[in-house]
Amino acid sequence: LQKLVNETFQKLWFTPTPHHDKEAMTRKILNITDVVAACRDTGYDWFEQLLQNLLKSEEDASYKPVKKACTQLVDSLVEHILKYEESLSDSDNKGVNSGRLVACITTLFLFSKIRPQLMVKHAMTMQPYLTTKCSTQNDFMVICNVAKILELVVPLMEHPSETFLATIEEDLMKLIIKYGMTVVQHCVSCLGAVVNKVTQNYKFVWACFNRYYGALSKLKSQHQEDPNSTILTANKPALLRSLFTVGALCRHFDFDQEDFKGNSKVNIKDKVLELLMYFTKHSDEEVQTKAIIGLGFAFIQHPSLMFEQEVKTLYNSILSDKNCSVNLKIQVLKNLQTYLQEEDTRMQQADRDWKKVAKQEDLKEMGDISSGMSSSIMQLYLKQVLEAFFHTQSSVRHFALNCVPYLIAMGTDPEPSMRNKADQQLVEIDKKYAGFIHMKAVAGMKMSYQVQQAINTCPKDPVRGFRHDESSSALCSHLYSMIRGNRQHRRAFLISLLNLFDDTAKTEVNMLLYIADNLACFPYQTQEEPLFIMHHIDITLSVSGSNLLQSFKEVYEETESDSNSGSESESEEEASKPRRLRKRVDSDSDSDEENDINAVMKCLPENSAPLIEFANVSQGILLLLMLKQHLKNLCGFSDSKIQKYSPSESAKVYDKAINRKTGVHFHPKQTLDFLRSDMANSKITEEVKRNIVKQYLDFKLLMEHLDPDEEEEDGEVSASTNARNKAITSLLGGGSPKNNAAETEDDESDGEDRGGGTSGVRRR
């Protein structure tokens, strides 16, 4: 489905339009902006994911149609913005055009978020929109989206004019002083990017900070003198703005740097903490809330402040006091959530940076320190955060739910005390609110992989998903044991994990290995559980396997048509036939295989990127094949037993307990070798090329024998089974596939067909 959606939208939106066809371009723009406008309340994750997938799929290609289409769309969107702005003076269509203007600018922001380079040449066109006069909700949305675009784009501009930069700084400052929280937040963030990365105009920001910090200090003194003063009541709007703005500025600027405070010995962050903490004790709840928001912002820049005793007391008392305001509880949970999200973004960026310069520097250590601090901070507040699950107000429970993935991740910690505590808390949540755990299970699994990455002491060794002890149990076995009792939840969870192996999901190989390890070692109890997994592996194999072969075939077919060599065409045609139909020069199958490899090798392009891409994407299918073989060996299932399984049958049919074999371990050698050799980033040799081509031909042979028509031809059943088994053996780089004959008493008493055949194929 995802592949179909990607292809459909690529044809509809992301295929270049001929330059002369202005009408088609306008239709396309209206179509996209209408959809973006309609998704205003539900979010734009789908658009970002779609754009990311399409651009990523052509990264290594010489011709990039999606990139070209995106450039056309961005240029045309900017033209439409100028057109709508001109027509806003027409009072009859003012509302419609205002909505269209917002949709256009929102769409430009989404493009900027994924590929900001597209907007660099339009930055100067966007800047004047910061001066939009705000009278409607649409006007505010224009300003916020323009600020978000400039934040991403201005740092990428080469030698922007000083006048342009100064104008942006002044426009942003006016907006910060004049408008409400949302505008202030986005404008301070934009100012942070412009000043920190481009202009270094620290005095300008320092003056703004002192304006609000000074106002807060004065209001604090007045409140200390007379808490009931009418002056304070009159100045409440100024107090609320100052609390919020000081916090927002501290989030994006470190005012303890010499660039800001010069030679002063005053510790700014401590002074800010003292001021904001004072107003958290104010009698007015609105003032308290703004002070807590300000604290949350400041803690993103200085997380160590959360270890301060007065902060711990404040947060924990708000979360644990049953009589405390719901708004304050939600705000504290929001603060913790925002901090974790920011920390996650920082770590992902550090990881990307580390991969770029991994050979020169060890940036992983930086990530470890950062992740260690966030882990310590969450342990301080964990108990009280989890207690929020049991609040009567659903809004409080909703924010507490965001912590479930972190608990699941902590359940994989090597420290038994940490692990047991997290598992215990999950059980408590599950007892009180059935289904909460299931909703965040996949996110928790992904996060647990990040935890294992962070604590992996040897970066060259792939991260594994089972415990390295006698039990060899899955790291997420406790999570699975909590979900497995509910058939619907269990199946949804397993399908979500298997979907990560789909060739369009673009999941990194080491994470796939980690998920496969867990699937191989989960504590299955009934036959239905592994049979359900194997059934869906077959479905994934038939779809992803075909896609994979087609993409590889297109690479060498293009090269073959370019060379236009008759002998090579004949050789390739020979290699592409099912092996049982080929002309036989001699009876030696090894010789045939060698001829096939040579035929494909001749047709390979000079650019080795598609080969590496094939090797990379094929790891997901290899892992699924290996996982299926492992589960067959572990549970003693015959092919016939697997083939007869249907997920729609009554649960009782497959409710029998599993008879586990001992000494069966999951060891996907090919994937481990692929990761250890860092093939994705290595120079490709002739030997590696031959191995990849051999892998391709083995895949091809396997896919030929997935076809049920072939297996029903007279006398072909055993030959097809042998071919399939030979392909699997070769692909997995190990011994022959076991358990083709029934091995359990149950199977033998059923009198099942002992013939081979890939599971589930006839049924489908």
A.B. asks: So, for D284 and E286, which heavy atoms are closest and what is the spacing to 0.1 Å?
C.D. replies: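 Shortest heavy-atom contact: OD1-N, 2.8 Å.
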A.B. asks: Using atom types as modelled and distance alone, determine if a side-chain donor or acceptor of N510 lies under 3.5 Å from a backbone N or O of V463.
C.D. replies: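 Answer holds: yes.
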A.B. asks: Closest approach of F307 and K312, non-hydrogen atoms and distance?
C.D. replies: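 Shortest heavy-atom separation between F307 and K312 comes out as O-CE, 3.4 Å.
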A.B. asks: Test your reading of the model: is there a side-chain donor-acceptor pair from S477 to the backbone of A474, 3.5 Å cut-off?
C.D. replies: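 The answer is yes, because a donor-acceptor pair under 3.5 Å joins these two groups.
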A.B. asks: Looking only at side chains, do D139 and S135 share a donor and an acceptor under 3.5 Å apart?
C.D. replies: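 Present: a donor and an acceptor within the cut-off.
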A.B. asks: Could you walk me through whether E274 and K220 pass the salt bridge (charged side-chain N to carboxylate O under 4.0 Å, His left out) test, one step at a time?
C.D. replies: CA-CA 11 Å; E274 186 188 323; K220 178 192 170 187; 3.3 Å; yes
A.B. asks: Donor-acceptor check, side chain of N235 to backbone of A238, threshold 3.5 angstrom: yes or no?
C.D. replies: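 No; judged by distance alone, with no hydrogens or angles, the pair does not exist.
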A.B. asks: Treating R490 as the side-chain partner and R484 as the backbone partner, does any N or O pair qualify as donor plus acceptor under 3.5 Å?
C.D. replies: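 At least one qualifying donor-acceptor pair exists.
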A.B. asks: Answer yes or no: is there a donor N or O on one side and an acceptor on the other, between the side chain of S264 and the main chain of K261, under 3.5 Å?
C.D. replies: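 Not at all, since once roles are kept as given, no pair shorter than 3.5 Å links the two residues.
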A.B. asks: Less than 3.5 Å apart, any donor N or O on the side chain of T280 or Q288 sitting next to an acceptor on the other?
C.D. replies: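 Not at all, the side chains of T280 and Q288 share no donor-acceptor pair under 3.5 Å.
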A.B. asks: Classify the side-chain pair N335/Q331 by whether it contains a donor and acceptor separated by less than 3.5 Å.
C.D. replies: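 Present: a donor and an acceptor within the cut-off.
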A.B. asks: For L319, does its backbone N or O pair with a side-chain atom of K329 as donor and acceptor, under 3.5 Å?
C.D. replies: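 At least one qualifying donor-acceptor pair exists.
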A.B. asks: Looking at CG of L175 and OG1 of T132, how far apart are the two atoms once the value is rounded to the nearest 0.5 Å?
C.D. replies: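 Answer rounded to 0.5 Å: 8.5 Å.
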A.B. asks: Quick check on the 6.0 Å ring-centre criterion: do Y278 and H223 meet it?
C.D. replies: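 Yes, the ring centres sit under 6.0 Å apart.
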A.B. asks: Out of curiosity, S217 OG to Q222 CD, how far, rounded to the nearest 0.5 Å?
C.D. replies: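 One gets 11.5 Å once the value is rounded to the nearest 0.5 Å.
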A.B. asks: Indicate the atoms forming the closest heavy-atom contact of P414 with R419, along with that distance.
C.D. replies: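 So the minimum-distance heavy-atom pair works out to O-NH1, 3.4 Å.
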A.B. asks: Relative to each other, are the rings of H489 and H438 parallel, tilted or perpendicular (30° and 60° limits)?
C.D. replies: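 Ring orientation, 0 to 90° scale: parallel.
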A.B. asks: Indicate the ring-plane relationship of F493 and F522, choosing parallel, tilted or perpendicular according to the 30° and 60° boundaries.
C.D. replies: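 Tilted.
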A.B. asks: By the definition side chain to side chain contact (heavy atoms under 4.5 Å, CB included), identify the one residue from I177, T182, I176, V146 that meets it with C187.
C.D. replies: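 The option that passes is I176.
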A.B. asks: Can you name the residues that form a salt bridge (Lys or Arg N to Asp or Glu O under 4.0 Å) with R241, not counting sequence neighbours?
C.D. replies: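 Counting only residues at least two positions away or on another chain, R241 forms no salt bridge (Lys or Arg N to Asp or Glu O under 4.0 Å).
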A.B. asks: What do you reckon, is NZ of K218 surrounded by more than 12 foreign heavy atoms closer than 6.0 Å?
C.D. replies: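 Incorrect, the count does not exceed 12.
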A.B. asks: Is the shortest side-chain heavy-atom distance between V184 and Y179 below 4.5 Å?
C.D. replies: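 No - every pair of side-chain heavy atoms lies 4.5 Å or more apart.
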A.B. asks: Does K269 reach the side chain of Q301, with side-chain heavy atoms less than 4.5 Å apart?
C.D. replies: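 Side chain of K269 against side chain of Q301, heavy atoms only: no contact under 4.5 Å found.
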A.B. asks: Can you tell me if D256 uses its side chain to pair, donor with acceptor, with the backbone of I268 under 3.5 Å?
C.D. replies: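 Judged by distance alone, yes, a pair lies under 3.5 Å.
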A.B. asks: Rounded to the nearest 0.5 Å, what separates atom CD1 in I114 from atom CD in E48?
C.D. replies: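 Those atoms lie 5.0 Å apart.
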A.B. asks: Between N420 (side chain only) and P416 (backbone N and O only), is there a donor and an acceptor less than 3.5 Å apart?
C.D. replies: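 Yes, N420 side chain to P416 backbone: donor-acceptor pair under 3.5 Å.
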A.B. asks: Does the plane of the ring in F253 sit parallel, tilted or perpendicular to the ring in F255? Use 30° and 60° as the thresholds.
C.D. replies: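 Tilted.
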A.B. asks: Evaluate the side-chain proximity of L475 to S448: yes if any heavy-atom separation is below 4.5 Å, no if none is.
C.D. replies: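 A side-chain contact under 4.5 Å is absent here.
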A.B. asks: Do you know the tightest heavy-atom contact between A123 and V153?
C.D. replies: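 Minimum heavy-atom separation between A123 and V153: CB-CG1, 3.9 Å.
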A.B. asks: Got a second to check how far I437's CD1 is from I408's CD1, nearest 0.5 Å?
C.D. replies: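 Rounded to the nearest 0.5 Å, the CD1-CD1 separation comes out at 6.0 Å.
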A.B. asks: Y514 vs Y449 aromatic rings, parallel, tilted or perpendicular, using cut-offs 30° and 60°?
C.D. replies: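 Tilted, since the angle between the ring planes falls between 30° and 60°.
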A.B. asks: If you measure from CG on L156 to CE on M119, what distance do you get to the nearest 0.5 Å?
C.D. replies: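 Reported to 0.5 Å precision, the distance equals 11.5 Å.
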A.B. asks: What's the separation between atom CG in L295 and atom CD1 in I300, rounded to the nearest 0.5 Å?
C.D. replies: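 If I round to the nearest 0.5 Å, the distance is 11.5 Å.
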A.B. asks: Determine whether a donor-acceptor pair (N or O, by modelled atom type, separation under 3.5 Å) exists between the side chain of N196 and the backbone of H252.
C.D. replies: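 Side chain of N196 to backbone of H252, a donor-acceptor pair under 3.5 Å: yes, one is there.
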A.B. asks: Does a salt bridge link D34 with R100, judged by any charged N lying under 4.0 Å from a carboxylate O?
C.D. replies: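 Looking at D34 and R100, the cut-off is met.
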A.B. asks: Give a yes or no on whether the backbone of L426 and the side-chain of D430 come within a donor-acceptor separation of less than 3.5 Å.
C.D. replies: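 Checked: no pair found.
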A.B. asks: Mark yes when over 12 heavy atoms from residues, nucleotides or ligands other than Q224 sit less than 6.0 Å from its CD; otherwise mark no.
C.D. replies: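 Yes, because the 6.0 Å sphere around CD of Q224 holds more than 12 heavy atoms from other groups.
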A.B. asks: Under 3.5 Å, which donor-acceptor pairs link side chains of residues 102-111 to any protein atom two or more places apart or in another chain?
C.D. replies:
residue: T106; atom: OG1; partner: V102; partner atom: O; Å: 2.7
residue: T106; atom: OG1; partner: N145; partner atom: ND2; Å: 3.2
residue: T107; atom: OG1; partner: A103; partner atom: O; Å: 2.6

A.B. asks: Apply salt bridge (charged side-chain N to carboxylate O under 4.0 Å, His left out) to R346 and E343, showing your working.
C.D. replies: CA-CA 5 Å; R346 277 184 203 170; E343 203 54 48; 3.5 Å; yes
